[in-house]
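Owing to the predicted nature of the structure, the values given are computational and were not obtained by experimental measurement.
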Amino acid sequence: MPVAARGDRSPVPRSGALEDLLDRVSRGDQQAFDSLYTAVAGTVLGLVRRVVRDPAQSEEVAQEVLIEVWRSAARFDARQGSAMAWIMTLTHRRAVDRVRTAQAAAVRDHKVGLGSYTPPFDEVSEQVERRLEREQVRRCLHQLTELQRESVTLAYYRGYTYKETAELLGTALGTVKTRLRDGLIRLRDCLGVSA
């Protein structure tokens, strides 16, 4: 049974009529359910659309509500409120559940998407780029004087401090610092690095 469209709303039956229909539906009366369906389907769909907002999902939720009314009509208690209030409570709960489920799914999908995201990386091009950079550094190192190359190699490639480099080369600390400064300036110029 398709849910009545907005324009197909029938007027809600007089007070007590829905309660009577629900009582008959609880005993399995198909005709009573058809009458009840006709009377409330438009109102149910209207409330669901206001909560869910998606037309296709709204129709699905409205169908679920009306099926729930058919299955659980025996749970209706007229002492606790009108039939329409009971149906609208079922409707609102089901619509809110759908929205929460959709939000939880979106959050879960987002987390899964973030967890499985790997940034684009081309290992081959990275290796080629590193190799080219190493070759350029080697070429530039060979353009330094022997004393500059020794100082730069010991201090920056072997990890010695300036003082240790001076001791290894048997040179004054100030001289080593000057060689390093001059060597690094020449390397910077050779590599085309801006200061």
Side-chain angles (χ1 to χ4, degrees), residues 1-134 136 191-195:
M1 286 181 271
V3 176
R6 268 199 167 145
D8 295 343
R9 288 186 190 175
S10 300
V12 176
R14 63 174 170 71
S15 180
L18 287 180
E19 287 76 6
D20 293 339
L21 288 173
L22 267 177
D23 182 50
R24 290 174 38 207
V25 169
S26 70
R27 289 179 272 140
D29 185 334
Q30 179 72 41
Q31 284 184 320
F33 181 71
D34 288 345
S35 297
L36 181 72
Y37 185 99
T38 301
V40 300
T43 307
V44 166
L45 180 60
L47 176 58
V48 173
R49 278 194 178 165
R50 282 192 300 278
V51 175
V52 175
R53 303 209 182 262
D54 178 81
Q57 281 195 34
S58 296
E59 289 182 13
E60 187 176 312
V61 171
Q63 280 294 97
E64 291 170 5
V65 168
L66 292 165
I67 290 169
E68 185 176 354
V69 168
W70 168 257
R71 290 180 180 161
S72 63
R75 289 193 334 229
F76 169 68
D77 184 356
R79 292 173 298 190
Q80 295 193 4
S82 70
M84 192 59 158
W86 181 74
I87 292 169
M88 296 314 286
T89 300
L90 293 176
T91 302
H92 188 261
R93 286 180 184 160
R94 182 65 64 114
V96 169
D97 285 347
R98 177 61 64 98
V99 170
R100 286 181 180 153
T101 300
Q103 287 173 341
V107 167
R108 186 176 50 251
D109 290 346
H110 181 70
K111 285 181 180 178
V112 167
L114 287 177
S116 64
Y117 175 75
T118 53
F121 177 74
D122 186 352
E123 190 174 324
V124 173
S125 67
E126 287 288 321
Q127 288 176 354
V128 168
E129 195 172 309
R130 281 193 301 263
R131 186 175 298 136
L132 290 173
E133 287 172 356
R134 280 194 305 266
Q136 186 177 10
L191 293 170
V193 177
S194 57

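Applying the salt bridge (Lys or Arg N to Asp or Glu O under 4.0 Å) test to Asp29 and every residue at least two apart in sequence or in another chain returns Arg24. With sequence neighbours left out, the salt bridge (Lys or Arg N to Asp or Glu O under 4.0 Å) criterion links Glu129 to no other residue. For the salt bridge (Lys or Arg N to Asp or Glu O under 4.0 Å) test, residues two or more places apart in sequence or in another chain that qualify with Arg27 are Asp23.
In this structure, CG in Leu45 is found 10.0 Å from CZ in Arg50, a value given to the nearest 0.5 Å. Distance check: Leu21 CG to Asp34 CG gives 10.5 Å after rounding to the nearest 0.5 Å.
Closest approach of Ala95 and Val48 over heavy atoms only: CB-CA, 4.3 Å. Across all their heavy atoms, Ala83 and Leu22 have their closest contact at CB-CD1, 3.5 Å.
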Could you walk me through whether Glu19 and Ser82 pass the side-chain contact (heavy atoms from CB on, under 4.5 Å) test, one step at a time?
-> CA-CA 7 Å; Glu19 287 76 6; Ser82 70; 3.6 Å; yes
Please report the C-alpha distance between Leu90 and Val44 in whole Å, then the side-chain angles of each, then the deciding distance to 0.1 Å, and finally whether the side-chain contact (heavy atoms from CB on, under 4.5 Å) criterion is met.
-> CA-CA 9 Å; Leu90 293 176; Val44 166; over 6 Å; no
Chi angles and distances behind the side-chain contact (heavy atoms from CB on, under 4.5 Å) call for Arg130, Glu126 = CA-CA 6 Å; Arg130 281 193 301 263; Glu126 287 288 321; 4.0 Å; yes
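The neighbour count for Gln127 CD, taken as heavy atoms of other residues, nucleotides or ligands under 6.0 Å away, is above 12. Residue-environment remark: CZ (Arg134) exceeds the threshold of 12 foreign heavy atoms within 6.0 Å.
Counting heavy atoms from C-beta outward, Thr43 and Met84 have side chains that approach closer than 4.5 Å. A heavy-atom distance below 4.5 Å is not found between the side chains of Val61 and Val51.
Legend: side chain to side chain donor-acceptor pair (under 3.5 Å) pairs involving residues 83-95, not counting sequence neighbours, sorted by first then second residue: Glu64-Arg94, Glu68-Arg94. The ring pair (Phe, Tyr, Trp, His ring centres under 6.0 Å) contacts involving residues 44-75 comprise Phe33-Trp70, where partners must be two or more places apart or lie in separate chains.
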When the side chains of residues 99-109 are checked against the rest of the protein, which donor-acceptor pairs come out under 3.5 Å, sequence neighbours left out?
{"residue": "Thr101", "atom": "OG1", "partner": "Asp97", "partner atom": "O", "Å": "2.8"}

